[in-house]
Every structure is written in C-alpha cells, then in structure tokens.
Engineer: 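Got a structure for you, written out below as structure tokens; questions coming shortly.
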Amino acid sequence: MHAITHDYLQPAHLRDLDLPVPTPGPYDLLVAVKAVSVNPVDNRARRPRPNPPATPRVLGWDAAGVVTAVGAAVRGFRPGERVFYAGDITRPGSFAEYQLVDARLAGHMGARASFEQAAALPLASLTAWEALFERMRVRPGPGRRILIVGAAGGVGSMAVQLAAKVAQLEVIATASRPASAAWVRQLGARHVIDHRADIPAQLAALGMPEVDYVLLAAPTDDYLETMAQVIAPQGTIGTLVEATRPVDWARFWDKSVSLAWTMVFTRSACATADLAEQGRILNEVARLLDDGTLLPVTTEVSSPISAATLEQALDKLAQGTTIGKSVLTGF
C-alpha cells in the first residue's frame, strides 16, 4: 500500500513508501482511507527528538474511509460501512491507503457527509466536545457566556458551533482578519474580537468584562495571564495546548477558578475504561451534522494524498492563518 512516512533520522520531510497492508487485531477495523485532514499534532510529531525512533513513522490522525475487514471482537461495524475517526497517536496514522483503528474509537459517518467533510471532523470535534462538556463541564442553557480564543481554526470552528448551538451559550470568538471573523460569525459566534489587541478592553467595550467560560484553542503561554483577568468568579478556563512556562496558580485562587486541560489522545494512549466514549461522541456529531445543527468545517480540498501535497498542507498550517480544516483526498 502507498504510505507517507516521516523519518526522524533524516531531514524533517515526508516520503512516499510502499508498506504492507496491516492485519486487524481483535478490536480493530481495517479501513481503506479515502480522505484525511492535517492538524497541528502532525507538525508537533515531526519535531526533532533527543532519542528519535530508528524506523520511519506514518503520521496523520484524522481520517474518513470504508471498512474492509473487522477483528474477531468487533461489534457494531461491518465491511463496506463508512467511518471516521482520529485514532490513536501511539499507532501508525492515517497517511496511508489502509489503516488499523480500534473500533471503539470510530464513528459511523452518517448520511449527509462526504468523505472530504467527514475527514475534517474527528480530532476537532472530539477535542471541542471533550473540552466543553467533559473537562470544563459546561452546563447548557442561555444566560452564560464563553470566550473562545483561536476560534477560526479546526478545533475553534467546532467549539463555536457546539457552544452556540448545543450548549446555547453566548459566544465571543477571537479572530484577527476579516475572513476569519466572517467565518466564526457564520458558525454561530455572537461577537468577534481581535486576539492580537487588548482582550479585556474589547470585552469591556461590549459590556461584558467577565465571562463564565474561556476556551483556549491557542498557545496557553500567550493568553493564560489575560484569561485570569476576564474569567468570572467560579468560572472555568479550558486549554488545549500544553504550557511550556511555569503557571502562576495563585492568579486563579481568589476567584475559585477551575482550570481544565484537554488532550484528545488521553483515552486511547492510556487505554482508559471509557475508551468507547470517543466512538459515541463521533456518532452524535454525525447525527448533529445530518440534522443540520452542525456545519461542515472543510474549507480546502487538495489531491492526491502524497508526500508533496501533505508537506504543502502542513507548512501552510504551521503559518497559523488557516480557517477551518484542510483536507486531502485520493491516493
């Protein structure tokens, strides 16, 4: 099968290789990959390491495709069904014609989504859902406000929709360009402010100096201090990016603020008892897409899935100006 690999012992670029088609384990689906999307985790996985693995690695953790075989212990999936998933960061990724994924991490695509639309959803929707409803424990209902920093990217695009349309929160989104501001308004943001300007001053100008929730879909180091200023007493801050500098926890004590971290691969990498929750979330996302509650977030499609096209997509993603999700299709 055609696969795109990253070799840690060579300069940091991707290569087209021919690899054997893998054999499913008891809980695995063997999926013929039809479309993939790129994510910041792909670029983080390409960073130089002190003790790099000696063998090339298949990256990619966002895919949609067709089940071609199932393991002996799999229930609820059959060959020929369309599925989408983020998978497991500890296993080979989706930048290959065929991929193994634990069936408990996969969802059925639903009736309306194309492969190009579905491939953009898993990692972004799982991250946003887990952050909002599991880690931050957002309580649905009107009268509450959330600030989403970095709202125009993949995770931000899903978080805006889930917060506005499922949780019924008043969403204040950040965007720094007219195109990204228009995008987040289309997805459900009530207000848009610029994360490159004075965030507390902009919120105050809107008549809302404090918010009940903050979701950081942006570098934690850059915004956590500011978020300590705008979070309401007993509010919750959720962050999706690891901090690289010490955090002054005392800044949150007087307001009894909760700080919630979300890493979407915790369940799969740690083999938690609730592993199958990710499959359930994806099935719910597919239902919300089918009934029109959620909008697709695919904004760019290129072809084929190759080392050259992936390199271009990942380089563009690293510039930090992407709106929605970039998808590649066809080997």
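In this chain, numbering begins with 1 at the start of the sequence shown.
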Engineer: Can you tell me if D28 uses its side chain to pair, donor with acceptor, with the backbone of L100 under 3.5 Å?
Structural biologist: no
Engineer: Side-chain heavy atoms nearer than 4.5 Å, only ILVMFWY residues, links allowed to pass through others: does that put Y85 and L123 together?
Structural biologist: yes
Engineer: Counting distance only, does the side-chain N/O of T329 pair as donor-acceptor with the main-chain N or O of K34 below 3.5 Å?
Structural biologist: yes
Engineer: Who passes side-chain hydrogen bond (donor to acceptor under 3.5 Å, both in side chains) against T174, sequence neighbours left out?
Structural biologist: H195
Engineer: Might you work through the side-chain contact (heavy atoms from CB on, under 4.5 Å) test for R44 and V41, ending with a clear yes or no?
Structural biologist: CA-CA 5 Å; R44 289 198 293 273; V41 66; 3.9 Å; yes
Engineer: Is V184 reachable from I323 through a run of I, L, V, M, F, W or Y residues, each pair having side-chain heavy atoms under 4.5 Å apart?
Structural biologist: yes
Engineer: Backbone N or O of L30 within a donor-acceptor pair of the T68 side chain at under 3.5 Å?
Structural biologist: yes
Engineer: Could you tell me whether the side chains of S302 and T309 share a donor-acceptor contact shorter than 3.5 Å?
Structural biologist: no
Engineer: Do the side chain of R144 and the main chain of V138 share a donor and acceptor less than 3.5 angstrom apart?
Structural biologist: no
Engineer: Within the side chain of D212, is there an N or O that forms a donor-acceptor pair under 3.5 Å with the backbone of R145?
Structural biologist: yes
Engineer: Under the side-chain contact (heavy atoms from CB on, under 4.5 Å) rule, what do V241 and L216 come out as? Steps first, then yes or no, please.
Structural biologist: CA-CA 8 Å; V241 182; L216 285 177; over 6 Å; no
Engineer: For E210 and K255, what are the C-alpha separation, side-chain angles and deciding distance, and is it a salt bridge (Lys or Arg N to Asp or Glu O under 4.0 Å)?
Structural biologist: CA-CA 12 Å; E210 293 181 326; K255 292 184 181 180; 3.7 Å; yes
Engineer: Do the charged groups of R104 and D102 touch, with an N to O distance under 4.0 Å?
Structural biologist: yes
Engineer: Can you tell me how far the OG1 atom of T127 sits from the CE atom of M263, to the nearest 0.5 Å?
Structural biologist: 9.5 Å
Engineer: Within a reach of under 6.0 Å around CZ of R139, are more than 12 heavy atoms found that belong to other residues, nucleotides or ligands?
Structural biologist: no
Engineer: If two hydrophobic side chains count as joined below 4.5 Å and joins carry through other members, does V160 share a cluster with I172?
Structural biologist: no
Engineer: Under the ring-ring contact (aromatic ring centres under 6.0 Å, His included) definition, can you give me all pairs with a residue in residues 124-164, not counting sequence neighbours?
Structural biologist: W129-F133
Engineer: What are the two closest non-hydrogen atoms of A119 and A64, and how far apart are they?
Structural biologist: N-CB, 3.8 Å
Engineer: Would a distance-only check, ignoring hydrogens and angles, find a side-chain to backbone donor-acceptor pair under 3.5 Å from T298 to A120?
Structural biologist: no
Engineer: Which heavy atom of M1 sits nearest a heavy atom of P20, and at what distance?
Structural biologist: CE-O, 3.5 Å
Engineer: Could you walk me through whether L289 and L121 pass side-chain contact (heavy atoms from CB on, under 4.5 Å), step by step?
Structural biologist: CA-CA 10 Å; L289 196 71; L121 293 173; 3.8 Å; yes
Engineer: In Å and rounded to the nearest 0.5 Å, what is the CD1 to CG distance from I4 to L19?
Structural biologist: 9.5 Å
Engineer: Please report the shortest heavy-atom distance between P122 and A63, naming the atom on each side.
Structural biologist: CG-O, 4.1 Å
Engineer: Is there a donor-acceptor pair closer than 3.5 Å between any side-chain N or O of S94 and the backbone N or O of G60?
Structural biologist: yes
Engineer: Are M158 and S125 close enough that some pair of their side-chain heavy atoms sits under 4.5 Å apart?
Structural biologist: yes
Engineer: Quick one: does any side-chain atom of Q234 pair with a main-chain N or O of S256 as donor and acceptor, under 3.5 Å?
Structural biologist: no
Engineer: Is there a side-chain contact (heavy atoms from CB on, under 4.5 Å) between L14 and L314 once you walk through the steps?
Structural biologist: CA-CA 10 Å; L14 304 173; L314 289 169; 4.0 Å; yes
Engineer: Flag yes if more than 12 heavy atoms outside Y98 fall under 6.0 Å of its OH atom; otherwise flag no.
Structural biologist: no
Engineer: Check the hydrophobic clustering (I, L, V, M, F, W, Y; side-chain heavy atoms under 4.5 Å; chains of links allowed) and say if W261 and L240 are grouped together.
Structural biologist: no
Engineer: Are any side-chain N or O atoms of D16 and backbone N or O atoms of A307, one a donor and one an acceptor, separated by less than 3.5 Å?
Structural biologist: yes
Engineer: Ignoring hydrogens and angles, tell me if any N or O in the side chain of D42 forms a donor-acceptor pair with the backbone of N39 under 3.5 Å.
Structural biologist: yes
Engineer: Between atom CZ of F84 and atom CG of N283, what is the distance when rounded to the nearest 0.5 Å?
Structural biologist: 7.0 Å
Engineer: Should the heavy atoms of other residues, nucleotides or ligands under 6.0 Å from CZ of R280 be counted, would the total exceed 12?
Structural biologist: yes
Engineer: Are the charged groups of R267 and E134 less than 4.0 angstrom apart, N to O?
Structural biologist: yes
Engineer: Which pair of non-hydrogen atoms, one from W183 and one from P296, has the smallest distance, and what is that distance?
Structural biologist: CH2-O, 4.1 Å
Engineer: Where is the tightest heavy-atom contact between I237 and A228, given as atom of each residue plus distance?
Structural biologist: CD1-N, 4.4 Å
Engineer: Can you spot which of T239, D248, V247 makes a side chain to side chain contact (heavy atoms under 4.5 Å, CB included) with L224?
Structural biologist: V247
Engineer: Around atom OH of Y27, are there more than 12 heavy atoms of other residues, nucleotides or ligands at under 6.0 Å?
Structural biologist: no
Engineer: Looking only at heavy atoms, what is the nearest atom pair of H6 and L59, with distance?
Structural biologist: CB-CD1, 4.0 Å
Engineer: As an exercise, state the distance from CG of L187 to NZ of K165, rounded to the nearest 0.5 Å.
Structural biologist: 6.0 Å
